[in-house]
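The block underneath contains the structure these notes are about, expressed in structure tokens.
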Amino acid sequence: MEFGLSSEQKDLVGVFREFGERTFTTEQVAQWCRDGGLPDAVVAEFAELYFSTLGQAEVDAFSNSVMNQTLILEELSRCAGATLPFQNELFNLQIMGGFAGRKTFSRILDDYRKTGRLMFSMGVSEPHAGSDTMNMRTNTQTIGGTIYLNGAKTYVNNGEYAPNILVAAIDKDAEQEKYPPLAFWLIPSNLQGITKMPIDKMGQKMLPFASVEFQNVELKPEYRLTGNDGGFRQLFHLLEFGRIFTCASSLGMAQAAMEDAISFAREREAFGTEIANFQQIAQLLTDMEVALTNMRSMLYRAVWAIEADQEDKRLAVSLCKRYIPKAATDVASAAMQILGGSGYTEGSRVSRIWEDCRGNQIAEGTDQIMVYISAPLIMDKYDK
């Protein structure tokens with residue numbers, strides 16, 4: 001099985017490497033982390049660059065290979081040494097495209113292409129449920145001819161600022177079959193009964209998250225997304241894209257931590273020699289390189305399984321999400337150890353990478369949830 005990049009993919013990586021290294025300097029990233037987001041000019045340039053890599057037919061259908069998206073996110077995360085909003089935006093567009101009709105989706109996609117800003121945030125996760133999406137309690141119900149939305153969402157990226165919210169909710173007006181009846185609603189974020197509060201998290205500072213509560217919010221029927229049904233089955237399938245993108249970001253940041261550690265080990269001298277010559281430093285670097293090799297192999301193999309529609313694609317993705325963010329956190333931790341005191345500071349890139357990768361062990365399904373998903377698939381695999 002060949003996972004080497006094609007000449008076209010290498011060119012794609014080169015295009016985004018030039019953009020990333022020019023844009024995400026150490027000083028700029030630090031400032032944008034303090035600001036809690038990227039400037040309009042940066043996101044607009046990303047969108048223009050991203051859509052320029054697509055043919056017109058791909059733009060019309062908003063299709064791009066998962067591998068191309070993975071390579072872009074990996075490379076930009078390496079350049080920045082931080083979690084960027086692009087992985088969430090591409091994932092949110094996957095969710096929107098999976099549930100919305102063509103007219104609605106085209107309007108949103110056109111706006112994103114022009115501005116680099118999504119016109120909506122997305123609320124799926126809930127405070128009491130977390131990775132257990134089927135334990136969702138946010139619901140809609142028709143009372144006296146009016147549809148009401150009640151519940152709460154947490155870790156809603158850009159939830160304070162986006163003009164609309166894409167809300168996943170259980171439809172109490174529908175009959176439950178195997179899965180609870182799930183629907184998505186694209187609603188204005190300024191409706192009466194919506195309360196938004198920022199979340200002051202440890203890392204991923206360029207992604208402003210919020211908790212959002214809905215108390216008897218009156219909805220219009222046209223807010224409901226129609227055109228593509230599937231409920232929880234469709235959502236579970238689309239969540240795999242979010243997990244792949246999270247792993248791509250983790251891998252890119254881990255690569256950046258490795259590069260910082262190598263640079264420091266070459267420059268720093270102790271006891272008359274470069275610290276790279278110390279056996280214990282060499283062992284750390286060797287184990288970090290092993291982890292990076294394994295992460296990249298697992299990620300690319302999982303992407304191949306998705307694109308080739310392999311029977312084991314869901315297992316491949318869950319194993320990736322189980323392994324890669326944790327391995328990336330370990331690589332960042334080892335890099336901090338090599339940098340010593342200078343790595344354990346607020347201004348250190350490797351300390352930011354560690355925080356962001358640690359957060360990715362929770363995002364899009366925790367390490368433990370990946371075991372819950374993987375184990376039955378593994379049992380089924382060996383039964384066969």
Side-chain angles (χ1 to χ4, degrees), residues 13-14 16-35 73-84 201-207 246-300 320 322-363 367:
V13 171
F16 281 90
R17 176 175 296 150
E18 189 281 327
F19 166 68
E21 291 182 345
R22 167 172 50 83
T23 303
F24 298 107
T25 64
T26 300
E27 295 76 16
Q28 292 282 49
V29 170
Q31 181 61 53
W32 295 334
C33 284
R34 290 191 292 270
D35 294 343
L73 294 172
E74 177 190 345
E75 185 59 30
L76 291 182
S77 298
R78 183 197 69 81
C79 293
T83 303
L84 299 169
K201 58 194 186 315
M202 287 177 56
Q204 303 188 358
K205 297 297 187 181
M206 272 190 269
L207 276 63
T246 297
C247 288
S249 174
S250 297
L251 172 58
M253 288 189 288
Q255 186 67 58
M258 178 68 167
E259 292 168 6
D260 286 359
I262 289 286
S263 178
F264 186 85
R266 284 174 172 165
E267 296 173 359
R268 178 66 182 268
E269 291 189 1
F271 306 103
T273 186
E274 295 176 357
I275 66 170
N277 295 324
F278 295 161
Q279 186 175 16
Q280 289 183 324
I281 299 297
Q283 182 176 350
L284 284 172
L285 292 172
T286 300
D287 290 345
M288 291 162 69
E289 184 67 13
V290 169
L292 285 166
T293 301
N294 288 339
M295 282 189 274
R296 187 164 285 110
S297 178
M298 285 189 73
L299 178 60
Y300 291 2
C320 262
R322 166 69 176 177
Y323 175 75
I324 290 176
K326 185 179 187 305
T329 303
D330 291 342
V331 167
S333 180
M336 289 173 66
Q337 193 71 17
I338 292 171
L339 269 68
S342 63
Y344 192 65
T345 61
E346 289 290 340
S348 167
R349 189 164 86 144
V350 296
S351 67
R352 180 177 63 241
I353 290 171
W354 182 91
E355 285 186 337
D356 286 10
C357 288
R358 186 64 184 84
N360 283 345
Q361 290 184 245
I362 299 170
D367 293 355

Next on the checklist: Can you tell me how far apart SG (C79) and CE (M253) are? Round to the nearest 0.5 Å.
Outcome noted: 13.0 Å
Checklist entry - Below 4.5 Å, heavy atoms only, C-beta onward: do C247 and L299 meet side chain to side chain? => result yes
Item to check | Side chain S263, main chain D260, donor-acceptor under 3.5 Å | outcome: no
Item to check | Atom pair CD1/CG of I324 and L292 - distance to nearest 0.5 Å | outcome: 10.5 Å
Checklist entry - Is there a side-chain contact (heavy atoms from CB on, under 4.5 Å) between T83 and M206 once you walk through the steps? => result CA-CA 7 Å; T83 303; M206 272 190 269; over 6 Å; no
Next on the checklist: Donor-acceptor check, side chain of S351 to backbone of S348, threshold 3.5 angstrom: yes or no?
Outcome noted: yes
Next on the checklist: For the backbone of D356 and the side chain of K205, can you confirm whether one donor and one acceptor N or O come within less than 3.5 Å of each other?
Outcome noted: no
Checklist outcome for this item: Given the options E27, R34, Q28, Q31 meets side-chain hydrogen bond (donor to acceptor under 3.5 Å, both in side chains) only with R34
Checklist entry - In terms of side-chain heavy atoms, does N360 have a donor or acceptor partner in S250 at a distance below 3.5 Å? => result yes
Checklist entry - Is atom CZ of R296 surrounded by more than 12 heavy atoms (other residues, nucleotides or ligands) closer than 6.0 Å? => result yes
Next on the checklist: Within this structure, what is the CG-CE distance for the pair D330 and M295, rounded to the nearest 0.5 Å?
Outcome noted: 8.5 Å
Item to check | CZ (R22) with more than 12 external heavy atoms under 6.0 Å | outcome: yes
Checklist entry - Can you name the nearest heavy-atom pair linking A332 to V350, along with the distance? => result CB-O, 4.3 Å
Checklist entry - Of the non-hydrogen atoms in A276 and I281, which two are nearest, and what is the gap between them? => result CA-CG2, 4.2 Å
Item to check | From CA spacing to verdict: side-chain contact (heavy atoms from CB on, under 4.5 Å), W32, L84 | outcome: CA-CA 10 Å; W32 295 334; L84 299 169; over 6 Å; no
Item to check | Ion pair check, E74 and R78, cut-off under 4.0 Å | outcome: no
Next on the checklist: Among R358, Q361, E355, which residue satisfies the side-chain hydrogen bond (donor to acceptor under 3.5 Å, both in side chains) criterion with T329?
Outcome noted: Q361
Item to check | Closest non-hydrogen atom pair, I338 against F264 | outcome: O-CE2, 3.3 Å
Item to check | Derivation of the side-chain contact (heavy atoms from CB on, under 4.5 Å) call for V29 and R352 | outcome: CA-CA 11 Å; V29 170; R352 180 177 63 241; 3.5 Å; yes
Checklist entry - Side-chain contact, heavy-atom cut-off 4.5 Å: E289 with T286? => result no
Item to check | Exercise: identify the closest heavy-atom pair between I353 and A254 | outcome: CG2-N, 4.5 Å
Next on the checklist: I need the Y300 OH to C320 SG distance, nearest 0.5 Å.
Outcome noted: 11.5 Å
Checklist entry - Can Q279 and Q283 be said to form a side-chain contact (heavy atoms from CB on, under 4.5 Å), step by step? => result CA-CA 6 Å; Q279 186 175 16; Q283 182 176 350; 5.6 Å; no
Checklist entry - Which class fits the ring pair F278 and F271: parallel under 30°, tilted 30 to 60°, perpendicular over 60°? => result tilted
Checklist entry - Does any N or O in the side chain of S342 come within less than 3.5 Å of the main-chain N or O of L339, such that one atom is a donor and the other an acceptor? => result yes
Checklist outcome for this item: To the nearest 0.5 Å, atom CD of E267 lies from atom CD1 of I262 at 11.5 Å
Checklist outcome for this item: Between the CE atom in M288 and the OG1 atom in T293, the distance rounded to the nearest 0.5 Å is 12.0 Å
Checklist entry - Between R17 and E75, does at least one N-O distance fall below 4.0 Å, as a salt bridge requires? => result yes
